[in-house]
Asker: 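For reference, the structure I am asking about is given below.
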Amino acid sequence: MQIGVLALQGAFIEHEQMLSRLGVSSFEIRQKRDLQKSLDGLIIPGGESTVQGKLLRELDLFEPLAERIATGLPVFGTCAGLLLLAKQIKNDDRRHFAVMDITAVRNAYGRQLGSFFTEAEFNGIGTIPMTFIRAPYIESVHGDTEILSCVDEKIVAAREGNLLVTAFHPELNEDLSVHRYFTEMVQSA
Ligand code: GLN
């Protein structure tokens, strides 16, 4: 199994470290030729969704990745990655891959004071640590999308088929369980 980590901007190194601790090999996707490698799953890290969206297009990565996602490539989007996958973003006109049937709210906890740590239940895993950094949350899910976790009545993790998103950053804590969950998704895809 080989997982590509989008490495244009944001917290990508931490995802690579989590995968390596799980014994899963990964490589960085920085330019189009990186897509020649065999790719079983993709992680879109946290950072700035607008910057990542712009770089994806400028580097001609957007179309080829959109095609792979449309044909079932498993994707895990954290924070900004969630926004790149959302079909609807309530307070932003920009749309990126727009494949997942969720309505997200950007910078939903406020811009400056929006960073916090908590522990909450994640369906099928148990209670896990969650670090939020100027995070979005999911206001509503539609279609077949399954809610995996809520914090203060806000949806913070969801899954639709091969798409997994978290509003928090599991790569910034020691707990490997969300990454393990994703690698299991990749395995059974
Ligand atoms: N606020 C960022 C955005 O709108 C997301 C923050 C994050 O990824 N930690 O893209």
Side-chain angles (χ1 to χ4, degrees), residues 3-19 26 28-30 41-59 61-62 65-66 69 74-120 122 128-141 145 147-152 154-160 163-179 181-182:
I3 298 194
V5 180
L6 189 66
L8 303 180
Q9 188 263 341
F12 51 86
I13 291 165
E14 291 83 351
H15 281 290
E16 294 164 28
Q17 289 165 349
M18 298 301 264
L19 293 170
S26 69
E28 295 183 350
I29 299 175
R30 293 175 177 273
L42 170 69
I43 293 183
I44 307 178
E48 276 303 316
S49 54
T50 50
V51 177
Q52 290 188 31
K54 189 168 173 279
L55 289 172
L56 276 165
R57 290 173 178 91
E58 283 174 8
L59 296 165
L61 284 167
F62 188 85
L65 281 176
I69 297 169
V75 190
F76 176 21
T78 56
C79 204
L82 176 156
L83 293 165
L84 289 181
L85 293 171
K87 273 193 185 164
Q88 300 300 330
I89 306 173
K90 215 177 167 189
N91 51 348
D92 196 337
D93 293 334
R94 280 161 287 221
R95 293 292 175 275
H96 306 283
F97 294 121
V99 283
M100 188 167 180
D101 226 348
I102 57 175
T103 301
V105 184
R106 203 176 161 215
N107 295 320
Y109 297 95
R111 264 181 181 277
Q112 300 304 330
L113 302 171
S115 302
F116 61 97
F117 173 83
T118 190
E119 292 188 341
F122 190 107
I128 58 164
M130 299 181 178
T131 297
F132 292 80
I133 302 171
R134 292 179 304 107
Y137 60 65
I138 301 168
E139 190 185 68
S140 51
V141 302
T145 307
I147 296 171
L148 293 176
S149 181
C150 290
V151 169
D152 296 334
K154 308 282 194 280
I155 305 163
V156 296
R159 174 175 178 178
E160 181 186 9
L163 307 172
L164 172 70
V165 292
T166 61
F168 58 93
H169 287 264
E171 77 285 6
L172 299 183
N173 296 105
E174 291 298 304
D175 186 276
L176 292 167
S177 52
V178 181
H179 287 78
Y181 181 98
F182 179 61

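Counting convention: from 1, in listed order, for ligands and their atoms alike.
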Asker: Nearest protein heavy-atom contact for atom 4 (O) of ligand 1: which residue, which atom, what distance?
Answerer: Arg106 NE, 2.5 Å

Asker: Please confirm whether Asn107 comes within less than 3.5 Å of ligand 1 when only nitrogen or oxygen atoms on both sides are compared.
Answerer: yes

Asker: Any non-hydrogen atom of Gly47 lying under 4.0 Å from ligand 1?
Answerer: yes

Asker: Could you say whether the N/O atoms of Ala80 and ligand 1 ever approach to under 3.5 Å?
Answerer: yes

Asker: Side chains of Glu14 and Leu172: does their closest heavy-atom pair fall under 4.5 Å?
Answerer: yes

Asker: Should you measure from each heavy atom of Gly46, which atoms of ligand 1 turn up under 4.0 Å away?
Answerer: 8 (O)

Asker: Work out whether the distance between some heavy atom of Gln52 and some atom of ligand 1 is less than 4.0 Å.
Answerer: no

Asker: Can Asp152 and Lys154 be counted as an ion pair, charged N to O under 4.0 angstrom?
Answerer: no

Asker: If I compare all heavy atoms of Glu160 with all of Val99, which pair ends up nearest, and what's the gap?
Answerer: OE1-O, 3.9 Å

Asker: For Ile133 and ligand 1, does the shortest N/O to N/O distance drop below 3.5 Å?
Answerer: yes

Asker: Under 4.0 Å between a Lys/Arg side-chain N and an Asp/Glu carboxylate O for Glu48 and Arg134?
Answerer: yes

Asker: To check you understand the geometry: which heavy-atom pair defines the closest contact between Thr166 and Val178, and what is its length?
Answerer: CG2-CG1, 4.2 Å

Asker: Show the atoms of ligand 1 that are less than 4.0 angstrom away from any heavy atom in Leu83.
Answerer: 3 (C), 4 (O), 10 (O)

Asker: Under a 4.0 angstrom heavy-atom cut-off, which atoms of ligand 1 come close to Cys79?
Answerer: 5 (C), 6 (C), 7 (C), 8 (O), 9 (N)

Asker: According to the interplanar angle, ranging from 0 to 90°, do the rings of Tyr109 and Phe116 count as parallel (below 30°), tilted (30 to 60°) or perpendicular (above 60°)?
Answerer: perpendicular

Asker: Assess, by modelled atom type and distance only, whether the side chains of Thr78 and His15 contain a donor and an acceptor separated by less than 3.5 Å.
Answerer: yes

Asker: Under 4.0 Å from any heavy atom of Ser49, which atoms of ligand 1 are there?
Answerer: 3 (C), 4 (O), 10 (O)

